[in-house]
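Heads up: the structure comes next, in C-alpha cells.
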Amino acid sequence: MSNQEYQAYNPSVIEKKWQEIWEKDQSFEPKDDFTMPKFYGLIEFPYPSGNGLHVGHPRSNTAMDIICRKRRMEGYNVLFPIGWDAFGLPTENYAIKNKIHPEIVTRRNIEHFKAQLKMLGFSFTWSSEVSTTDPEYYHFTQWIFLKLFEKGLAYKAEMPINWCTSCKVGLANEEVVNGVCERCGGEVVRKVKSQWMLRITEYAEKLIDGLDTVDFIEKVKVQQRNWIGRSTGAEVNFRIKDTDDFIRVYTTRPDTLFGATYMVISPEHKLIDKYKDRITNYDAVQEYRQQAARKSEFERTELAKEKTGVELAGITAINPVNNEEIPVWTSDYVLSSYGTGAIMAVPAHDDRDYEFAKKFGIEIVEVVSGGDISENAFTDIETGIMINSGFLNGLSVKDAKAAVTKYLEEQGIGEAKVNFKLRDWVFSRQRYWGEPIPVVQCEKCGYVALPESELPLLLPNIDNYVQTDSGESPLVNLPEWVNTTCPHCGGPAKRETDTMPQWAGSSWYFIRYTDPHNQKELASWDKMKYWLPVDWYNGGMEHTTLHLLYSRFWHKFLYDIGAVPCPEPYQKRTSHGMILGENGEKMSKSRGNVINPDDIVKEIGADAFRLYEMFMGAFDQPIPWSTDGARGCYRFLERVWKLQKMVTDEKDVSKAHQRSVHVAIKKVSEDYEKMKYNTAIAAMMSLVNAFYSENSLSRGDMAALLKLLYPVCPHFAEELWQKLGLSGRMIHEEKWPEFDESKLALDEVEIAVQILGKIKLRINVPASLDRDALAEYALSNDSVKELIAGKQVRKVIAVPGSLVNIIC
RNA sequence: GCGGAUAUGGUGGAAUGGCAGACACGCUGGUCUUAGGAACCAGUGCGCAAGCGUGCAGGUUCAAGUCCUGUUAUCCGCACCA
C-alpha cells in the first residue's frame, strides 16, 4: 500500500504540471551527439486555419508521438519537429473579408494552434519550429526555385486556368465543385493565362522507380504509380497520302497495327490547319473544333459517354505495315495533351475505338482471335493469338508486340516509346499570400532570375489583397515594387507578380527542420547527413498525389544538384484514416457534426482523448467518432489510477501477474510498431483487468504497465510514476521494457476437441505436449473415449495449444 | 469504365488456415447510495431447443472470417491517357 495520500484523478491539473516540467527541462530536445542512433519522425505540418485544430490532427500526431516517445526510451536521438504551412488561400480570403493583414491572421492562428498542440502534450522538437511565411524560410524556397529555373525545370507557358465569371477570379482546381465556383456558384470557364510551370514530368521515371526503394504503404505506391501513369508502347508514322507528311501516333498496342482501320487526331492538332485546303469539308471540321474548344472541362467529362467527331474528307493515311488507305477523323476523345495527340484506331481491340466505329459505321477488322467482335472489342492481351496480321500471324500478343516494334525500328517507321500521364505542375497563383517568384521580365532579355544575393525577395506590404478584375495578383498594383531593373542588362524590367502555390513551402520543410536557423543554406550538410532521410512520415491519403509527390520531386532534384545527401526524402510512409462524425458522415460545419478537441480535453483531459483516438479502431481505416467511447477511455484511466491503492511493496514483477505482464509487453511493443494501437490498448486493458481480478499488484507490475501506457498517456504515466516513487527518475527517462519469452509459457492449456471438425468438448492438457503426445493424451481422456465409443478413428490431427480434431 | 479499400453482434472493432465475437461502447438485472449520467457485481451473437451463425453463391482443406473462383453493396481516388 502506498503511503501517499490518495487523490482523485484530475487530468487538468496533472497535464498542465507535466507540460510545464517538460518545457522547462527541454525534455524532448534532440542531442547534438551524432554518434547516437537517430530517429526522425514526421507528421504533416498543419495549415493554421482560423478554425483551430480538428480531431484529425491529434490522430496522426498522437500516433507519431507514441513512436517517438518509445524510440527515446529505446535510446534513440529523436527529431520530431513541428511547423506551419502558413501561406494559402483561406487566410487570404479571411484577410480580404475582414480587412486584416494575412500576416497578422497567420500569427494569430499559429498562436492558437500552438496552444492547442501544447495542450495535447506532443513531444515535439519545438526548437525546430518553422513557418513557410517567414522570410528566413522562404528565402530558400525561392532559392530552390532559382535552381529549378537555372536547370530549365521552371518555365513559363500558356495554360488554361479555371476562371470564375462571376467573381472574376482564377480558381484552384479544388475550388471548382461540379463545374461551378465553390464560393459564389458562378459559372467557371477555362481561360488561357501565362503560367509558371515546373517540369515534374522530367522526373516521372525517377519518381516511379524510387518507389521500389522506400517503405511506403502499398496503397500510396499504387496511387502514385497510377497517377504518374507509365505506359509502354510505340510511336508509329502513318504517311498522309500524296504528301511527305506523317501523322505520328502513340499506341500501347503496336501488335494490332494490321487492325487499324482509321485514325483520329485531336481537334487541336496542327495538321488540320496545315491541310485545311485539302479538307473538303473544312467548314464542318472547323465548327466541330470550335465546339470542342467551347466545352468547359465539366461538359467534356459529362459528355464523355457519347462519342462525337468529324471525318477529314479529302485526307487519308497509309497504314505502314499493309499499305492500306484509311480515313482520318478528328474527335475530342483524343487528347492533344497526351502522346502525340493522334491515334491509330483499332476498333476490334479497343473499347473507345469500337464505340466510335460502330457509331460512324467504320470497318472493324479482327486481328487478335479469342473474342467476339460482333459484340464487343476484344481487349484481352493474355490469351489472344494474332490473325489477319501478315508476318505476325500465330504469335501471342506479347510476342507480336516485340516483333512488330523491332520491325518498325528496322524500317524506320516507328520506335518503342514510354509515355506518362503525369502533367507538368502549374506553379503560379495570381494571389498575394504566397512566396514571390524571384524572377523579372526584361524587355530585352526575357525572364531573368534574380541573383541569389537578392534573396529573400520579400513579399511587400499592401492594403488590398483582392485580385484585379483581370485576375492578376494584387501585387500588380504596386508599381514601385513591380518596376525594377534587369539584373542581366540593367534595363527596365518588371517583377513577376504571380506567387508560388501552397505546395512550394511544404515541398522541403522536412529538410529545414534539421537546421532551421541556417542563414546560408537549406541546412548544413552534416545535419542533413545525420538526420535525413525522414525515418517515418505519417500523413493523409489526400496528399498522395500532391504534397507527397511534389516533395519527392523537389528532393530528387535537390539530390541531383548535390544539395541534399539522399535520393528519397522519406524512408517510410504510413497513413491514418479519417475521423467521421458520430453519424458516420464526414465532419463538416454544414452537417453540424464537428467535434472540437478543446471541448473533449476539457471534459476528459488530453490523455483520455489521445487514448480514445488510438483505441477507436484500426488506425488506417476511417472511423466514426463516439463521445461515449471517449468517456470509456477516461474510465479506463480512472481504473488504472485507482490501482495505486492495491500496489504492494514488492519491487519486481509479481509471480501472480508475471505471465500477463510479459504478454502485455510483447503485444504492446509489437503493436505500436505496426500502428495497431487499438489492440495494444486492448492488451493493456486486459492487463488491468487481470490486476483487478487479483485485487493486488506489485510495484514492478505497475511500473511495467505505466511504461507501456506512457507513450499514449504521457502526463498520466509521469504523474503516477512519480506519485508511487517507482524510480528516482521521470518515466520518460526510463528504458522501454523488454519481455522474456520464457515467462510467456503456461503449464496447462485448454484445448478444443473436435469430432469431424465440430467442437464437442474442451479439456485441459499439459502445455508441453507435442503433436503426437497431445493426440494420445486426448484419445485417452475418458470423455473423449465416450464420444468416440464404437467408432473407428481414422485420423487424428493435433495442434498443440489449440485443438485436437478426430476423424471417425 | 479503371484503380484501391471495406463488408464480422445493437455500436466501434478482435482473431500467424486451428475454440469467431478479444477489448470497449451501449443495453439488462443487482449491490451501495438522499440521488445517479458515480462505483462495484452479474449478464449480453441468434435460437425454447437440437442447432445456426463473419454480404451472397460455389470451391480447396481434417479444419475457412482468413485461401481460390464468381457475385453484390458501400466508401475513396482517377476520369476517353490510345
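Just so you know, these numbers come straight off a predicted model, no measurement behind them. Residue numbers start from 1 in every chain, and the chains themselves are labelled A, B, ... in the order their sequence lines are given, proteins ahead of strands.
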Between [options], spot the one nearest the side chain of [X], thanks.
X: A:V799; options: B:rA24, B:rG18, B:rC25; answer: B:rG18
X: A:K642; options: B:rA5, B:rG12, B:rA39; answer: B:rA39
X: A:I797; options: B:rA15, B:rG77, B:rG18; answer: B:rG18
X: A:S802; options: B:rA82, B:rG18, B:rC62; answer: B:rG18
X: A:N226; options: B:rC25, B:rG18, B:rG3; answer: B:rG3
X: A:K219; options: B:rA82, B:rG4, B:rG12; answer: B:rG4

Considering every strand and a 4.0 Å limit on heavy-atom distances, what is the contact class for [X]: base, sugar-phosphate, or nothing?
X: A:A345; value: nothing
X: A:R794; value: nothing
X: A:N689; value: sugar-phosphate
X: A:E750; value: base
X: A:G632; value: sugar-phosphate
X: A:S231; value: sugar-phosphate
X: A:V222; value: sugar-phosphate
X: A:L803; value: base
X: A:K676; value: sugar-phosphate

Ionic contact status for [Y] with [X], cut-off 4.0 Å:
X: A:K358; Y: A:E375; result: no
X: A:K602; Y: A:D599; result: no
X: A:E603; Y: A:R631; result: yes
X: A:E670; Y: A:K674; result: no
X: A:D212; Y: A:R225; result: yes
X: A:R59; Y: A:E613; result: no

[X] [atom1] to [N] [atom2]: how many Å, rounded?
X: A:Y634; N: B:rC25; atom1: OH; atom2: C1'; result: 18 Å
X: A:K421; N: B:rC2; atom1: NZ; atom2: C1'; result: 8 Å
X: A:W329; N: B:rA82; atom1: CH2; atom2: C1'; result: 18 Å
X: A:F615; N: B:rC25; atom1: CZ; atom2: P; result: 8 Å
X: A:I623; N: B:rA7; atom1: CD1; atom2: P; result: 11 Å
X: A:R635; N: B:rA24; atom1: CZ; atom2: C1'; result: 9 Å
X: A:R225; N: B:rG3; atom1: CZ; atom2: P; result: 15 Å
X: A:K758; N: B:rG53; atom1: NZ; atom2: C1'; result: 11 Å

[M] and [N], which share atom name [atom1], separated by this distance in whole Å:
N: B:rG37; M: B:rG43; atom1: P; result: 23 Å
N: B:rG18; M: B:rG29; atom1: P; result: 39 Å
N: B:rU66; M: B:rG3; atom1: C1'; result: 24 Å
N: B:rA50; M: B:rU44; atom1: P; result: 16 Å
N: B:rC25; M: B:rA42; atom1: P; result: 15 Å
N: B:rA49; M: B:rU54; atom1: C1'; result: 24 Å
N: B:rU74; M: B:rA63; atom1: P; result: 35 Å
N: B:rG53; M: B:rC80; atom1: P; result: 47 Å

Applying the Watson-Crick and G-U wobble criteria at under 3.5 Å, what pairs with [N]? Answer none if nothing qualifies.
N: B:rG43; value: B:rC27
N: B:rG70; value: B:rC56
N: B:rG18; value: B:rC62
N: B:rC78; value: B:rG1

Requested in this report: Taking the six-membered ring for Trp and the single ring otherwise, decide whether the centroids of A:F246 and A:F238 are under 6.0 Å apart.
Outcome: no

Report task. May I ask you to verify whether the side chain of A:K307 and the base of B:rC80 hold a donor-acceptor pair under 3.5 Å? Result ->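 Answer yes: a donor N or O sits under 3.5 Å from an acceptor.
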
Query raised in the report: Quick one: does A:N805 reach the base of B:rC62 with a side-chain donor-acceptor pair under 3.5 Å?
Result: yes

Query raised in the report: Does A:K307 make a cation-pi contact with A:Y333 (under 6.0 Å, within 45 degrees of the axis)?
Result: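 Pair A:K307/A:Y333 counts as cation-pi.
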
Query raised in the report: Using the purine O4'-C1'-N9-C4 or pyrimidine O4'-C1'-N1-C2 torsion, is B:rG13 syn (within 90° of 0) or anti?
Result: anti

Query raised in the report: In terms of the nearest nucleotide of RNA chain B, which residue is placed more toward the 5' end: A:G757 or A:D628?
Result: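 The answer here is A:D628.
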
Query raised in the report: Of A:S686 and A:Y612, whose nearest nucleotide on RNA chain B comes first from the 5' end?
Result: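 It is A:Y612 whose nearest nucleotide is closer to the 5' end.
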
Query raised in the report: After noting the C-alpha distance and the side-chain angles of A:R573 and A:E44, does the key distance pass the salt bridge (charged side-chain N to carboxylate O under 4.0 Å, His left out) rule?
Result: CA-CA 11 Å; A:R573 169 77 177 191; A:E44 286 163 350; 2.8 Å; yes

Query - Short side-chain N/O contact from A:R631 to OP1 or OP2 of B:rA24, under 4.0 Å - result: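 It does not, given that no N or O in the side chain of A:R631 lies less than 4.0 Å from OP1 or OP2 of B:rA24.
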
